[in-house]
Number of protein chains: 2
Amino acid sequence: MDTALDLFANVGYDAVPTSRIAREAGVSEGLIFRHFGNKKKLLEAIMASTERRLQEAFAGVIEEDEPAEVVRKVILLPFTIDENEYDFWRLQFKLKWDKEYYNPRLMEPLIQKLTVAFGGLQYRDPELEARFLEQILDTISTQILREGREAALPFRDLVLAKYGLQ
Amino acid sequence: MDTALDLFANVGYDAVPTSRIAREAGVSEGLIFRHFGNKKKLLEAIMASTERRLQEAFAGVIEEDEPAEVVRKVILLPFTIDENEYDFWRLQFKLKWDKEYYNPRLMEPLIQKLTVAFGGLQYRDPELEARFLEQILDTISTQILREGREAALPFRDLVLAKYGLQ
DNA sequence: AGGCTAAGTGAGTGATCACTTACAATATAA
DNA sequence: TTATATTGTAAGTGATCACTCACTTAGCCT
């Protein structure tokens with residue numbers, strides 16, 4: 001699964017054959033099909049951890065109650081991603097263009113938390129603000145995954161400043 | 001090329017065989033290879049128009065000189081995309097994750113124009129502001145391509161308001 | 001030890017892949 | 001009209017694809 005994740009994320013699901021996954025993982029090709037049934041289910045086994053990983057990432061935000069702190073922690077969220085998980089999130093972002101694997105529902109807990117926070121901060125349209133900040137997060141995450149964490153630091157500070165934080 | 005664009009954008013370059021492109025285009029498969037040489041060159045023929053399309057999209061902004069108007073026009077840019085070109089831009093965004101086809105240089109004219117505009121508007125770090133707004137554009141474009149123009153209208157107004165426009 | 005299950009393999013399978021080739025139809029120009 | 005170049009096609013090609021299958025190996029319980 002680790003090898004498949006690497007190859008799916010950096011080469012592409014359709015571009016990488018099961019024979020290559022098996023070879024680079026150091027197992028026989030047949031084993032893939034014994035374990036996962038078919039290639040698609042291998043991808044699904046990898047993607048199955050998405051919900052858990054998101055919840056783990058959100059945990060620190062969800063338990064925060066101070067509105068300004070909620071916003072601050074959300075902005076810092078993309079920078080808390082473990083570098084070992086970059087491949088996983090890269091795959092996630094790539095598959096966003098596949099309707100089958102794009103599930104906006106997963107972000108709802110964060111949206112809700114942010115909506116309440118922006119409400120507490122007297123923003124005019126809290127839910128719209130929440131959805132907009134989520135998009136900015138998407139943007140920053142994309143940059144981090146493509147150009148590394150350092151490249152996104154100026155943006156982090158700019159966004160924090162725009163929300164009157166830091 | 002139109003058929004290939006449709007299929008590459010909505011199914012995926014590696015996922016769609018040349019036989020299917022030929023069938024849906026109503027030509028023989030051999031003709032693809034007579035015209036384009038190979039599958040990759042067919043993709044490149046489609047992508048070749050990127051620079052021209054970007055320049056056309058940027059034209060209205062480049063010739064504007066009033067700083068506030070520059071920012072306003074940039075924010076409205078994603079909404080000026082012709083719906084007939086959605087497939088093309090969808091493909092563009094999909095291939096952003098392929099290093100081979102991601103060329104940030106193409107956005108530089110817009111960045112420069114925005115940097116000057118933000119400078120004129122007394123922003124503290126004009127280039128950073130320019131690159132940040134470009135990212136927001138990216139975000140809004142993504143939303144338009146995935147959920148349609150109407151879904152992005154609230155964001156458009158929010159962003160305009162955040163820059164003190166509209 | 002023996003018996004059972006799960007894990008793992010290597011050599012296939014037909015289907016499909018990108019691409020080629022030999023040839024036919026059509027347009028162009030004198 | 002006729003010679004020539006261009007545009008198009010049908011039927012392949014070997015390579016590679018996802019997947020199967022008969023079989024071996026390894027772990028585990030009694």
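In what follows, every heavy atom counts, from backbone to side chain, and hydrogens, waters and symmetry copies are set aside. Lettering of chains follows the sequences in order, A, B, ..., and the numbering in each one begins at 1.
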Task: Under-4.0 Å salt bridge between K113(A) and D65(A) - done: yes
TODO: Start with the C-alpha distance between Y13(A) and K40(A), add both sets of side-chain angles, then the distance that settles side chain to side chain contact (heavy atoms under 4.5 Å, CB included), and finish with yes or no.
DONE: CA-CA 9 Å; Y13(A) 173 77; K40(A) 193 177 171 186; 3.7 Å; yes
I need the [atom1]-[atom2] distance between [X] and [N], as an integer number of Å.
{"X": "F33(A)", "N": "dG12(C)", "atom1": "CZ", "atom2": "C1'", "value": "14 Å"}
{"X": "L31(A)", "N": "dT25(D)", "atom1": "CG", "atom2": "P", "value": "16 Å"}
{"X": "R20(B)", "N": "dA15(C)", "atom1": "CZ", "atom2": "C1'", "value": "17 Å"}
{"X": "R34(A)", "N": "dA26(D)", "atom1": "CZ", "atom2": "P", "value": "16 Å"}
{"X": "R23(A)", "N": "dT9(C)", "atom1": "CZ", "atom2": "P", "value": "15 Å"}
{"X": "I21(B)", "N": "dT16(C)", "atom1": "CD1", "atom2": "P", "value": "17 Å"}
{"X": "K39(B)", "N": "dT16(D)", "atom1": "NZ", "atom2": "P", "value": "16 Å"}
{"X": "Y13(A)", "N": "dC17(D)", "atom1": "OH", "atom2": "C1'", "value": "12 Å"}

Task: Watson-Crick or G-U stems of DNA chain D, 3 or more pairs, under 3.5 Å, by first number - done: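 For DNA chain D the paired stretches long enough to count as stems (3 pairs minimum) are C:1-30 with D:1-30.
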Open item on the list: Using OP1 and OP2 only, check whether a side-chain N or O of S28(A) sits under 4.0 Å from dG8(C).
Closed with: no
- [ ] Nearest-nucleotide wise, let me know which of G37(A) and A15(A) is further upstream toward the 5' end of DNA chain D.
- [x]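 First, find each residue's nearest nucleotide; the 5'-ward one identifies A15(A).
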Open item on the list: For E108(B) and R131(B): C-alpha separation, side-chain torsions, deciding distance, then whether salt bridge (Lys or Arg N to Asp or Glu O under 4.0 Å) applies.
Closed with: CA-CA 9 Å; E108(B) 278 310 307; R131(B) 296 194 183 279; 3.3 Å; yes
Measure from the side-chain heavy atoms of [X] and tell me the nearest of [options].
{"X": "T18(A)", "options": "dA18(D), dG8(D), dA18(C)", "result": "dA18(D)"}
{"X": "H35(B)", "options": "dT9(C), dA18(C), dG8(D)", "result": "dG8(D)"}
{"X": "P17(B)", "options": "dA7(C), dC17(C), dT9(D)", "result": "dC17(C)"}
{"X": "E29(B)", "options": "dG8(D), dC19(D), dA18(C)", "result": "dA18(C)"}
{"X": "N38(B)", "options": "dC19(C), dG10(C), dA22(D)", "result": "dC19(C)"}
{"X": "S19(A)", "options": "dT9(D), dC17(D), dA18(C)", "result": "dC17(D)"}

TODO: Indicate the ring-plane relationship of F118(B) and Y123(B), choosing parallel, tilted or perpendicular according to the 30° and 60° boundaries.
DONE: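 Answer is perpendicular, since the angle exceeds 60°.
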Open item on the list: For the residue pair E29(B) / T18(B), report whether a side-chain donor-acceptor contact shorter than 3.5 Å exists.
Closed with: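 Yes - a donor-acceptor pair under 3.5 Å links their side chains.
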Task: Side-chain touch Y163(B)/L133(B), heavy atoms, less than 4.5 angstrom - done: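 In short, these two side chains touch, coming nearer than 4.5 Å.
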TODO: Determine, step by step, whether K73(B) and E69(B) satisfy the salt bridge (Lys or Arg N to Asp or Glu O under 4.0 Å) criterion, reporting the C-alpha distance in whole Å, the side-chain angles of both residues, the deciding distance to 0.1 Å, and the verdict.
DONE: CA-CA 6 Å; K73(B) 285 189 174 179; E69(B) 269 306 295; 5.1 Å; no
